Novice: 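Below: one structure in structure tokens.
In this text, all values refer to a predicted model and were calculated from it rather than measured experimentally. Sequence positions, counted from 1, serve as the residue numbers for this chain.
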Amino acid sequence: MLYIFCPYCGEHRSEEEYQVAGQAHIPRPLDPAACTDEQWGDYMFFRDNVRGIHHELWLHATGCRRYFNMSRNTLTYEILETYPIGATPQFTAAKGEQV
């Protein structure tokens, strides 16, 4: 069982209170109408399948009901950090090094 720290509530709680919402930091196209079908399909459906440190979007579903980001190692399930939407992560997904 994972215990996840909510950056808004300020408490560690059981993973049962949370829902994963996919990969974090995916920029929305500035002009969706100008995208080709392939570009729009890439934005909508294709995500990184990282082996190692990965940034994820989570929802505190039974708590404050707010979204936040998490840096997590997909090999060990270790949670490296949780941080509010719009904040910069301390760990990079590509290298696993601190920023």
Side-chain angles (χ1 to χ4, degrees):
M1 163 121 14
L2 296 175
Y3 286 93
I4 299 171
F5 179 79
C6 176
Y8 300 109
C9 295
E11 297 182 24
H12 283 87
R13 297 194 183 193
S14 167
E15 68 180 301
E16 296 168 338
E17 291 193 13
Y18 299 90
Q19 294 177 351
V20 67
Q23 184 177 339
H25 308 293
I26 299 174
R28 183 175 174 83
L30 296 175
D31 186 7
C35 290
T36 66
D37 288 343
E38 183 179 359
Q39 290 170 327
W40 189 251
D42 287 346
Y43 166 71
M44 291 296 295
F45 302 111
F46 289 96
R47 300 295 180 252
D48 296 335
N49 189 12
V50 177
R51 183 177 182 176
I53 296 175
H54 185 60
H55 300 297
E56 301 170 336
L57 181 65
W58 284 74
L59 170 65
H60 193 178
T62 63
C64 62
R65 301 197 49 81
R66 295 177 73 181
Y67 285 91
F68 62 92
N69 294 319
M70 176 189 297
S71 297
R72 185 176 67 84
N73 188 322
T74 60
L75 294 173
T76 64
Y77 294 100
E78 177 187 10
I79 297 172
L80 303 170
E81 64 181 330
T82 59
Y83 53 98
I85 299 294
T88 304
Q90 292 181 343
F91 295 86
T92 59
K95 298 177 186 172
E97 300 171 346
Q98 286 191 329
V99 174

Novice: Could you grab the distance from atom CD of Gln39 to atom CE of Met44, nearest 0.5 Å is fine?
Specialist: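 Output value for this atom pair is 14.5 Å.
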
Novice: Quick one: pull up CD1 in Ile26 and CG in Asp42 and give me the separation to the nearest 0.5 Å.
Specialist: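 Between atom CD1 of Ile26 and atom CG of Asp42 there are 11.5 Å.
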
Novice: Can you see which heavy atom on Pro7 is nearest to which on Tyr83, and at what distance?
Specialist: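 Shortest heavy-atom contact: CG-C, 3.9 Å.
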
Novice: In this structure, would Leu2 and Phe5 fall into the same cluster of hydrophobic residues linked by side-chain contacts under 4.5 Å?
Specialist: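 No, it is not one cluster - the side chains of Leu2 and Phe5 are not joined through contacts under 4.5 Å.
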
Novice: Quick one: does Glu81's side chain have a donor or acceptor within less than 3.5 Å of a partner on Pro89's backbone?
Specialist: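 Pair absent, no side-chain N/O of Glu81 close to backbone of Pro89.
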
Novice: As an exercise, state the distance from OH of Tyr8 to OG1 of Thr82, rounded to the nearest 0.5 Å.
Specialist: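 Answer for the OH-OG1 pair, Tyr8 versus Thr82, is 9.5 Å.
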
Novice: How far does CZ of Arg47 sit from CD of Glu56, to the nearest 0.5 angstrom?
Specialist: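 Result: 13.0 Å between the selected atoms.
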
Novice: Among Phe68, Tyr3, Tyr67, which residue satisfies the ring pair (Phe, Tyr, Trp, His ring centres under 6.0 Å) criterion with Tyr18?
Specialist: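 With Tyr18 as partner, ring pair (Phe, Tyr, Trp, His ring centres under 6.0 Å) holds for just one option, Phe68.
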
Novice: Would you say Leu57 and Asn69 make side-chain contact, with heavy atoms under 4.5 Å?
Specialist: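 Touching, per the 4.5 Å side-chain cut-off.
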
Novice: His54 and side chain to side chain contact (heavy atoms under 4.5 Å, CB included): which partner among Thr74, Leu75, Leu80?
Specialist: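 Single pass found, and it is Thr74.
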
Novice: How long is the span from the CD1 atom in Ile4 to the OG atom in Ser14, to the nearest 0.5 Å?
Specialist: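 Going from the CD1 atom of Ile4 to the OG atom of Ser14 covers 8.0 Å.
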
Novice: Taking the side chain as everything from C-beta on, heavy atoms only, tell me whether Cys6 gets closer than 4.5 Å to Arg13.
Specialist: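 SC-SC contact between Cys6 and Arg13 ruled out.
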
Novice: May I ask you to decide if Phe91's main-chain N or O and His55's side chain share a donor-acceptor pair within less than 3.5 Å?
Specialist: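 Present.
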
Novice: Going by heavy atoms in the side chains, are Gln90 and Ser71 under 4.5 Å from each other?
Specialist: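 SC-SC contact between Gln90 and Ser71 ruled out.
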
Novice: Rounded to the nearest 0.5 Å, how far apart are CZ of Phe46 and CD of Glu38?
Specialist: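 Between atom CZ of Phe46 and atom CD of Glu38 there are 8.5 Å.
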
